[in-house]
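First listed ligand is number 1; within each ligand, the first listed atom is number 1.
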Amino acid sequence: MREQLPHEPTALLLRWIEEAVEAGLAVPHAATIATADASGTPSARTLLLKDVDDRGLWFASVASSRKGLELSDRPWAELVFHWREFGRQLRFAGPVVPGDRTISDEDFRARGMPARAGVLAGRQGSPRGDASAAEARLEAARHALERQPQLTSRDWQAYVLSPRHADVLQLRGHGEPLCFAYERGADGGWALTELWP
Ligand SMILES: Cc1cc2nc3c(=O)[nH]c(=O)nc-3n(C[C@H](O)[C@H](O)[C@H](O)COP(=O)(O)O)c2cc1C
């Protein structure tokens, strides 16, 4: 397997997502993101990978959410992809920085009406409270978006994780799983090491 691994782990991520898409897997670009608060307590949840470029792995969320606040306190995260049908796991770790406002706004505008209205109506992860008051806020947000389709939320934030480390695990039926680690060197290049699975 080692010979088939690309020099950069992001190239492997793109290859494995492509293979998952070809196989018709649902949400092949979903990942678990783990963050930690200022005391080091971790928290994790699912999100969608938005893009991969020279800077790293892009995702978007609400800056005032638990993960958003944790990323502003401790700007480091791990993103774990798992493609169960292929027995594959790929994990990335590295610093996370917020993207430009224009990238965040573009991402927000590309989202569906329910997702945009939800962000405008109430803070992600905070108590929803009284049902009719919540519905009224959603209705107001939907109307605002219908009147001004370009409307965005300053709370919607694109982020990029620049990988410093990545590891790969490939299950092999009854055979021993294969496991490799990529470590980024000071020159920006990657060193690949086989690990015990
Ligand atoms: C398949 C799937 C995709 C999701 N994608 C996103 C996403 O791209 N961004 C996001 O903020 N939350 C996304 N969520 C919701 C998060 O998992 C989470 O519930 C939410 O962001 C609040 O997390 P927090 O309170 O820990 O910050 C997704 C959930 C699922 C199940």
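Aromatic ring orientation, Phe59 versus Tyr159: parallel (interplanar angle below 30°, classes split at 30° and 60°).
Considering Asp107, Asp53, Asp51 in turn, Asp53 is the only one that fulfils the side-chain hydrogen bond (donor to acceptor under 3.5 Å, both in side chains) rule with Trp58.
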Original post:
Could you go step by step and tell me if Ser43 and Arg45 meet the side chain to side chain donor-acceptor pair (under 3.5 Å) rule?
Top reply: CA-CA 7 Å; Ser43 64; Arg45 74 293 283 160; 2.7 Å; yes
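Applying the side chain to side chain donor-acceptor pair (under 3.5 Å) test to Arg142 and every residue at least two apart in sequence or in another chain returns Glu135, Glu139.
Remark: the backbone N or O of Arg111 is paired with a side-chain donor or acceptor of Arg116 at under 3.5 angstrom.
Checking Asp37 against Ser39 by side-chain atom types alone, a donor-acceptor pair falls below 3.5 Å.
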Tabulated below should be the N or O atoms of ligand 1 paired with protein N or O atoms at under 3.5 Å; can you produce that?
| unit_1 | atom_1 | unit_2 | atom_2 | d |
| --- | --- | --- | --- | --- |
| ligand 1 | 8 (O) | Leu48 | N | 3.2 |
| ligand 1 | 9 (N) | Ala60 | O | 3.0 |
| ligand 1 | 11 (O) | Ser61 | OG | 2.6 |
| ligand 1 | 11 (O) | Gln124 | NE2 | 3.2 |
| ligand 1 | 14 (N) | Thr46 | O | 3.3 |
| ligand 1 | 17 (O) | Thr46 | N | 3.3 |
| ligand 1 | 17 (O) | Thr46 | O | 2.6 |
| ligand 1 | 21 (O) | Lys67 | NZ | 2.6 |
| ligand 1 | 21 (O) | Gln124 | NE2 | 2.9 |
| ligand 1 | 23 (O) | Lys67 | NZ | 3.3 |
| ligand 1 | 26 (O) | Arg45 | NE | 2.7 |
| ligand 1 | 26 (O) | Arg45 | NH2 | 2.9 |
| ligand 1 | 27 (O) | Ser65 | OG | 3.3 |
| ligand 1 | 27 (O) | Arg66 | N | 3.4 |
| ligand 1 | 27 (O) | Lys67 | N | 2.9 |
| ligand 1 | 27 (O) | Lys67 | NZ | 2.8 |

